[in-house]
Participant: 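One structure is given below, represented as structure tokens, and several questions about it will come after.
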2 protein chains.
Amino acid sequence: MNKEREIFIRFLEKSGLKATAQRATVLDIFLKTEKHVSADDLFSLVKKTNTEIGHATVHRTLKLIKAAGLAREVDFGEGKKRYEHLFGHKHHDHLVCLKCGKTIEVLDPKIEKLQANLASGHGFKVSHHRLEILGICKSCQ
Amino acid sequence: MNKEREIFIRFLEKSGLKATAQRATVLDIFLKTEKHVSADDLFSLVKKTNTEIGHATVHRTLKLIKAAGLAREVDFGEGKKRYEHLFGHKHHDHLVCLKCGKTIEVLDPKIEKLQANLASGHGFKVSHHRLEILGICKSCQ
DNA sequence: CTTGATATTGACAATCATTTTCAACTACAT
DNA sequence: ATGTAGTTGAAAATGATTGTCAATATCAAG
Ligand SMILES: [Mn+2]
Ligand SMILES: [Mn+2]
Ligand SMILES: [Zn+2]
Ligand SMILES: [Zn+2]
């Protein structure tokens, strides 16, 4: 919350960008949800507080939040981006239910290790990876 | 090649669909490239042979090729789908170069196994998974 | 071969997420 | 307080994909 705001403000300063009310609102509302939100999800949430903020601004601000290291983009193959909190959250992968859309966050250090080995074995310098396991969750079966 | 054509024709029959010249052309050209093609890539290739085929038809036919089990959709996070051969190719994951776009096909049975365990440990019934490791390839470093 | 029911086609418009444009507006260093 | 950038929302543009529809092709039946 406050730590994140701090980081965001510093990021803006450092980048020669301005701290505006719109950016503060979008960040605050993003931080308040623990879901994997799309730009449009967030736009809807933002509208409840401030009808004046445009959707382009939400898109633009999400990009900044990501650039500030506060969000990670995730892609569940829906044809749109989703964002999740990054600050204070460790890396994880996702199980995605094809029926109800529920996601479970998972992490297997052995998989992470093997992935790194696999890439370096091909001379690849890894930036990041994306692992999604798609299927039907327990309660949807 | 011929085996795939056979499979495609059978799939069309079985589904009450018709074997048209356009579908044959799109399939043939898809089979001739070993790349991960987008619909538009394929449309460009098709146009060299037959100027009369529309882009909607290429999209529609790729869907059919996938439904027939001859192609797999891959998503490198570019905001568009790509397709690769499925018939006679075993499952693999990808290393994707963020600089030149090159992809390397990789497979680690240990990772595959651990993924399956991870999912079943959460009561998930896996349909498929997507693993892409993004980074900089050897020659781009 | 001809027919006719039904599927398919390409052109075009529509959709959806995201980005761009631009003129009015705001932040903030001086 | 003022000027210079950067920022904003609205609307238009973009790019991938899909829907619509009238004209056309397929193919099983006669
Ligand atoms: Mn997550
Ligand atoms: Mn591949
Ligand atoms: Zn579910
Ligand atoms: Zn490269």
Side-chain angles (χ1 to χ4, degrees), chain A residues 5 8-30 36-68 71 73-83 101, chain B residues 5 8-30 36-68 71 73-83 101:
Chain A
R5 282 184 205 154
F8 193 50
I9 299 289
R10 282 213 198 107
F11 167 81
L12 292 175
E13 280 173 3
K14 185 164 53 74
S15 314
L17 303 176
K18 290 171 180 171
T20 66
Q22 290 93 329
R23 284 172 179 168
T25 301
V26 173
L27 175 63
D28 270 15
I29 293 176
F30 172 68
H36 299 95
V37 289
S38 66
D40 201 57
D41 291 343
L42 191 55
F43 178 57
S44 298
L45 292 171
V46 164
K47 261 195 305 203
K48 292 182 189 167
T49 299
N50 184 339
T51 321
E52 308 299 304
I53 295 181
H55 68 139
T57 297
V58 173
H59 271 104
R60 294 189 276 230
T61 306
L62 274 169
K63 257 192 188 170
L64 294 175
I65 293 172
K66 182 189 169 196
E73 225 174 78
V74 291
D75 182 348
F76 295 157
E78 307 162 293
K80 66 183 164 190
K81 295 167 186 163
R82 291 185 174 275
Y83 296 85
Chain B
R5 280 183 206 155
F8 193 50
I9 298 288
R10 280 212 199 107
F11 167 80
L12 293 174
E13 280 173 5
K14 185 165 50 76
S15 314
L17 303 175
K18 290 171 180 171
T20 67
Q22 290 93 330
R23 285 171 178 168
T25 300
V26 173
L27 176 62
D28 270 16
I29 294 176
F30 172 69
H36 299 94
V37 289
S38 66
D40 201 58
D41 290 344
L42 191 55
F43 178 56
S44 299
L45 292 172
V46 164
K47 260 196 308 202
K48 290 182 190 167
T49 298
N50 184 337
T51 322
E52 308 299 304
I53 295 180
H55 67 138
T57 297
V58 173
H59 272 104
R60 296 189 273 231
T61 305
L62 273 170
K63 256 191 189 170
L64 294 176
I65 292 172
K66 181 189 170 197
E73 224 174 80
V74 292
D75 182 348
F76 295 157
E78 306 162 294
K80 65 184 165 188
K81 295 168 186 160
R82 291 185 175 275
Y83 296 84

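Residue numbers start from 1 in every chain, and the chains themselves are labelled A, B, ... in the order their sequence lines are given, proteins ahead of strands.
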Participant: What integer distance in Å separates B:D40:CG from D:dT14:P?
Facilitator: 16 Å
Participant: What about A:F76 and A:H36, are their ring centers closer than 6.0 Å?
Facilitator: yes
Participant: Does a donor on one side chain and an acceptor on the other come within less than 3.5 Å for A:D41 and A:S44?
Facilitator: no
Participant: What is the distance, to the nearest angstrom, from the CD atom on A:E13 to the P atom on D:dG6?
Facilitator: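 That distance rounds to 15 Å.
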Participant: Go nucleotide by nucleotide along DNA chain D from the 5' end; which of B:E78 and B:Q22 gets its closest nucleotide reached first?
Facilitator: B:E78
Participant: Could you write nucleotides 2-7 of chain C as a row of B, S and -, 5' to 3', where a protein heavy atom under 4.0 Å of any base atom gives B, of only sugar-phosphate atoms gives S, and otherwise -?
Facilitator: ----BS
Participant: Measuring from B:T49:OG1 to B:I29:CD1, what's the distance to the nearest 0.5 Å?
Facilitator: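 One gets 3.5 Å once the value is rounded to the nearest 0.5 Å.
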Participant: Quick check on DNA chain C: between A:R82 and B:A21, whose nearest nucleotide comes earlier from the 5' end?
Facilitator: B:A21
Participant: Using heavy atoms and a sub-4.0 Å distance, could you list which residues of residues 58-66 of chain A are near DNA chain C? By number, please.
Facilitator: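 Here the set is A:H59, A:R60, A:K63.
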Participant: In Å, rounded to the nearest 0.5 Å, how long is the span from CG of A:D40 to CZ of A:R82?
Facilitator: 10.0 Å
Participant: Output the distance between atom CG (A:D28) and atom CG (A:L45), rounded to the nearest 0.5 Å.
Facilitator: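 Going from the CG atom of A:D28 to the CG atom of A:L45 covers 12.5 Å.
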Participant: Nearest 0.5 Å, please: how far is CD1 in B:I9 from CG in B:L27?
Facilitator: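 Separation between the atoms: 8.5 Å.
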Participant: A:Y83 versus A:L42: any side-chain heavy-atom pair under 4.5 Å?
Facilitator: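 Answer no - side chains too far apart.
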Participant: Could you state the atom-to-atom distance from CG of B:L12 to C1' of D:dC27 in whole Å?
Facilitator: 13 Å
Participant: Over how many whole Å does the gap from A:D75 atom CG to C:dA17 atom C1' extend?
Facilitator: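 Distance check: A:D75 CG to C:dA17 C1' gives 12 Å.
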Participant: Just the rounded figure in Å: distance from P of C:dT18 to NZ of B:K80.
Facilitator: 16 Å
Participant: In this structure, how many angstroms lie between the C1' atom of C:dA17 and the CZ atom of A:F76, rounded?
Facilitator: 17 Å
Participant: With a cut-off of less than 4.0 Å, is there a side-chain N or O of A:T20 near OP1 or OP2 of D:dG6?
Facilitator: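 So the side-chain polar atoms of A:T20 never come under 4.0 Å of the phosphate oxygens OP1 or OP2 of D:dG6.
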Participant: Regarding A:A39, tell me which of base, sugar-phosphate or nothing describes its non-hydrogen contacts under 4.0 Å with the strands shown.
Facilitator: sugar-phosphate
Participant: Mind calculating the distance between CZ (B:F43) and C1' (D:dG15) to the nearest angstrom?
Facilitator: 14 Å
Participant: What's the spacing between A:R23 CZ and A:F11 CZ if we round to 0.5 Å?
Facilitator: 9.0 Å
Participant: If you apply the rule side-chain contact (heavy atoms from CB on, under 4.5 Å), what do you find for A:F30 with A:V46, and how did you get there?
Facilitator: CA-CA 9 Å; A:F30 172 68; A:V46 164; over 6 Å; no
Participant: Roughly, in whole Å, what's the span from CZ in A:F8 to P in D:dT7?
Facilitator: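 So the two atoms are 10 Å apart, to the nearest Å.
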